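Taking it in order: structure first as structure tokens, then the write-up.
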Amino acid sequence: MQLFKEHELKVTNSLSGKKEVFKPIKEGYVGMYVCGPTVYSNVHLGNCRTFMSFDMIFRYFKHLGYKVRYVRNITDAGHLENDADEGEDKIAKKAKLEQIEPMEVVQRYTVDFHETIKKLNLLPPSIEPTATGHIIEQIEIIKEILDKGFAYVVNGSVYFDVVTFNESNDYGKLSGRKLEDMIANTRELTAQGEKKNPQDFALWKKAEPQHIMRWPSPWGDGFPGWHLECTAMSTKYLGENFDIHGGGMDLKFPHHECEIAQAEARCGQTPVNYWLHANMLTLNGKKMSKSTGNNIYPSEMFSGENDILSKPFSPSVVRFFMMQAHYTSILDLSNDALLASEKGYTKLMEAMGSLDGLNGGNNSDFEVMAWKANCYAAMNDDFNTPILIAHLFEAVKHINLIKEGKEQLIKKDLELLKATMNSFVYDVLGLIDSAANQDDSASLEGVVQLLINLRNQARENKDFATSDTIRDELLALGIQLKDGKDGTTFSIVS
RNA sequence: GGCAUCGUGGCCGAGUGGCUAGGCACAGCUCUGCAAAAGCUUGUACAGCGGUUCGAAUCCGCUCGAUGCCUCCA
């Protein structure tokens with residue numbers, strides 16, 4: 001199904017700062033690159049939000065019928081700790097601290113990353129390349145940039161010449177900066193050493209003898225510079241000009257700006273048509289920071305082992321919470337906000353559970369076609385998941401009314417409603433019904449049904465003491481009974 | 001200090017020149033043995049001060065505040 005032919009999708013392009021109609025380079029195909037994690041420590045929640053935002057975008061493109069190649073890298077070569085004399089690889093530094101091999105650190109935190117995002121139901125990207133696996137490609141790009149005259153070699157290192165580049169190109173167009181202003185505002189901190197200009201950045205850095213991660217190159221043993229890996233991997237798998245490049249807002253400058261410069265210097269054309277930036281996640285209104293303690297890891301949220309939140313929150317609830325905010329907005333995480341989201345999530349999932357048991361009627365009290373169009377309109381407007389969710393709750397209301405027999409839908413409309421809800425809730429938003437996924441659900445169901453029957457017998461005998469005991473004890477165990485027109489049902493509450 | 005984004009009702013969070021966001025919480029009602037769940041009803045918010053306009057939360061200016069970047073960072 002090539003839904004994209006009937007939907008005009010708009011995306012916020014950071015290059016223009018405006019919403020633009022998305023037109024892929026090749027009809028029906030989307031190439032998307034997203035800057036992945038640096039695997040030198042546990043992935044944190046802010047990272048997860050960014051990757052989740054692009055996961056949702058990936059999912060929606062696929063839902064529209066595009067063939068998507070989604071490349072998200074693993075940065076396992078680390079970045080420079082300092083851009084001056086003490087060039088030291090971040091991963092190498094951590095390794096020394098812990099007295100283990102750099103690749104052991106990489107492996108450990110790559111596993112942590114994968115486990116965490118799997119819990120959050122992120123789809124694997126089409127390609128997940130590593131920086132260390134693309135050293136040769138990076139060296140080749142440096143050669144090309146040197147040949148074009150946009151870089152220079154100093155003492156075994158290679159630097160990108162921003163000033164020369166700016167004479168023929170526009171350095172700063174993504175982040176709205178002017179090179180002249182940046183030069184004027186340069187802080188007079190440490191001496192610049194090898195660089196001609198403080199704005200220049202390393203393409204290749206000479207490795208000191210104690211540096212563990214090192215590769216041979218035409219300029220001596222060393223390691224690739226800050227921004228090069230993304231240029232190497234994005235162009236290798238997506239081409240010199242591709243559709244979408246994404247990442248967190250904090251990467252806009254200098255990382256993405258430098259990527260543009262490298263690619264333009266090398267190929268003479270702009271690498272990316274649409275730059276998408278996901279916004280930050282704050283915690284209790286403040287930025288997350290390990291040093292101040294205003295920080296929480298995903299595993300701590302899921303387990304409840306933290307001093308910030310009153311209870312554990314399931315990955316599904318966290319995902320729903322994040323989908324309730326637009327990806328370009330700052331989102332503030334707090335206990336109250338999560339509690340509210342958890343209730344909303346439960347309400348949505350219970351309606352999803354009711355949906356299957358609904359039967360068609362003689363006429364339709366709810367215009368499903370128009371509602372469906374609204375859902376698509378929301379997503380087509382720069383992936384507006386909060387608006388989509390608002391529409392989903394509109395459907396929840398009708399689902400509950402139909403369940404109670406107060407409204408009805410003809411079979412065809414009901415089928416359309418089911419299909420559309422399933423698409424958006426599970427495929428696009430990537431939500432999972434965590435209660436339905438629990439083990440032993442069949443036997444649990446039998447046990448609770450038994451208690452429901454006993455309670456109803458007690459109620460018929462007006463033995464309310466017994467019936468209320470059953471109800472209240474079950475609730476204390478996290479099982480809530482719901483008396484409806486057609487008998488009693490139950491759901492798992494936390 | 002510079003650049004950027006933003007500041008919405010009790011909480012979270014959309015919208016963005018005139019028309020209902022939505023969720024959670026609160027209150028009333030229906031249902032119920034009582035509750036819960038579900039449904040219905042109610043909320044006239046847009047940081048402050050000026051300006052543009054017939055009309056601004058929405059555009060412009062200033063002030064204050066928050067967040068991000070300017071140094072590895074989603």
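In the text below, chain A, chain B and the rest are named by the order of the sequence lines, each starting its count at 1. Please read all numbers here as calculations on a predicted model, not as lab measurements.
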Taking the six-membered ring for Trp, are [X] and [Y] ring centroids under 6.0 Å apart?
X         : Y         : value
Phe61(A)  : Tyr70(A)  : no
Phe424(A) : Tyr376(A) : yes
Phe313(A) : Phe302(A) : no

- Item | Contact check, side chains of Met182(A) and Phe253(A), non-hydrogen atoms, under 4.5 Å |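 When only atoms from C-beta onward are counted, Phe253(A) and Met182(A) do touch, with a gap below 4.5 Å.
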Rounded to the nearest Å, what distance is computed from the [atom1] atom of residue [X] to the [atom2] atom of nucleotide [N]?
X         : N      : atom1 : atom2 : result
Phe313(A) : G23(B) : CZ    : P     : 19 Å
Leu339(A) : C26(B) : CG    : P     : 12 Å
His256(A) : A4(B)  : NE2   : C1'   : 14 Å
His277(A) : C6(B)  : NE2   : C1'   : 17 Å
Leu338(A) : G13(B) : CG    : P     : 11 Å
Lys462(A) : C34(B) : NZ    : P     : 10 Å
Asn284(A) : C11(B) : CG    : C1'   : 12 Å
Gln199(A) : C3(B)  : CD    : C1'   : 13 Å

Results of side chain to side chain donor-acceptor pair (under 3.5 Å) for [X] - residues two or more places apart only:
X         : result
Asn400(A) : none
Asp382(A) : Thr12(A), His326(A), Tyr327(A)
Asn456(A) : Arg459(A)
Gln262(A) : Thr231(A)

Could you pull out all residues at least two apart from [X] that satisfy salt bridge (charged side-chain N to carboxylate O under 4.0 Å, His left out)?
X         : answer
Arg59(A)  : Asp55(A)
Lys196(A) : Asp161(A)
Lys10(A)  : none

Looking for any heavy atom pair under 4.0 Å, which part of the strands does [X] touch: base, sugar-phosphate only, or nothing?
X         : result
Asp336(A) : sugar-phosphate
Gly176(A) : sugar-phosphate
Leu331(A) : sugar-phosphate
Phe393(A) : sugar-phosphate
Gly36(A)  : sugar-phosphate
Lys403(A) : nothing

- Which residue lies toward the 5' end of RNA chain B, Phe320(A) or Asp468(A), if each is placed at its nearest nucleotide?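 The residue mapped nearer the 5' terminus is Phe320(A).
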- Item | Residue met sooner reading RNA chain B from 5', once Ala340(A) and Pro37(A) are mapped to nucleotides |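 Upstream on the strand: Ala340(A).
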Quantified in whole Å, what is the [atom1] atom distance between nucleotide [N] and nucleotide [M]?
N      : M      : atom1 : value
C46(B) : C11(B) : C1'   : 16 Å
A4(B)  : C62(B) : P     : 12 Å
U30(B) : G23(B) : C1'   : 23 Å
U67(B) : G13(B) : P     : 14 Å
G48(B) : G9(B)  : P     : 10 Å
U44(B) : C64(B) : C1'   : 26 Å
G15(B) : A57(B) : C1'   : 10 Å
C31(B) : C40(B) : P     : 16 Å

- Query: If pairs are Watson-Crick or G-U with both distances under 3.5 Å, what is the dot-bracket string of RNA chain B, marking crossing pairs with [ ] and pairs to another strand with |?
  - Reply: (((((((..(((.....[...)))..((((.......)))).....(((((..]....))))))))))))....
- Do we count Phe464(A) as stacking onto G33(B) if the rule is ring centres under 5.5 Å and planes under 30°?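 So Phe464(A) counts as stacking on the base.
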- Message: Given 3.5 Å as the limit, does a donor-acceptor pair link the side chain of Asn384(A) with the main chain of Ala378(A), or not?
- Response: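 No.
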Under-3.5 Å N/O pairs linking protein and nucleotides 14-21 of chain B:
unit_1	atom_1	unit_2	atom_2	d
A14(B)	OP1	His326(A)	N	2.7
A14(B)	OP1	Ser329(A)	OG	3.0
A14(B)	O3'	Asn384(A)	ND2	3.3
G15(B)	OP1	Asn384(A)	ND2	3.1

- Is any side-chain nitrogen or oxygen of Thr38(A) closer than 4.0 Å to OP1 or OP2 of A74(B)?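 Answer yes for this pair, as a side-chain N or O of Thr38(A) is under 4.0 Å from OP1 or OP2.
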- Hey, is the side chain of Lys343(A) poking within less than 4.0 Å of OP1 or OP2 on A25(B), counting only N and O atoms?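 For A25(B), OP1/OP2 do have a side-chain N/O of Lys343(A) under 4.0 Å.
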- Item | Check: Arg177(A) side chain, C70(B) base, donor-acceptor under 3.5 Å |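 Answer no: no donor N or O sits under 3.5 Å from an acceptor.
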Let me check something: any side-chain donor-acceptor pairs from residues 276-285 of chain A under 3.5 Å, sequence neighbours excluded? List them with distances.
unit_1	atom_1	unit_2	atom_2	d
His277(A)	ND1	Ser14(A)	OG	2.7
Thr282(A)	OG1	Leu331(A)	O	3.4
Thr282(A)	OG1	Asp332(A)	OD1	2.7

Measure all distances between protein nitrogen or oxygen atoms and nitrogen or oxygen atoms of nucleotides 35-38 of chain B, and list the pairs falling under 3.5 Å.
unit_1	atom_1	unit_2	atom_2	d
A35(B)	N6	Asp483(A)	OD2	2.5
A35(B)	N1	Asp483(A)	OD2	3.2
A35(B)	N3	Arg471(A)	NH1	2.9
A36(B)	O2'	Gln480(A)	NE2	2.6
A36(B)	N1	Asp483(A)	N	3.3
A36(B)	N1	Asp483(A)	O	3.1
A38(B)	O3'	Asn400(A)	ND2	3.1
A38(B)	O2'	Glu404(A)	OE2	2.4

- Query: Of all the nucleotides listed (G23(B), G13(B), U5(B)), which has the minimum atom distance to the side chain of Asn279(A)?
  - Reply: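 Ranking G23(B), G13(B), U5(B) by closest atom to the Asn279(A) side chain puts U5(B) first.
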- Message: According to ring-ring contact (aromatic ring centres under 6.0 Å, His included), who are the partners of Tyr274(A), at least two apart in sequence or on a separate chain?
- Response: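 Expected list: Phe22(A).
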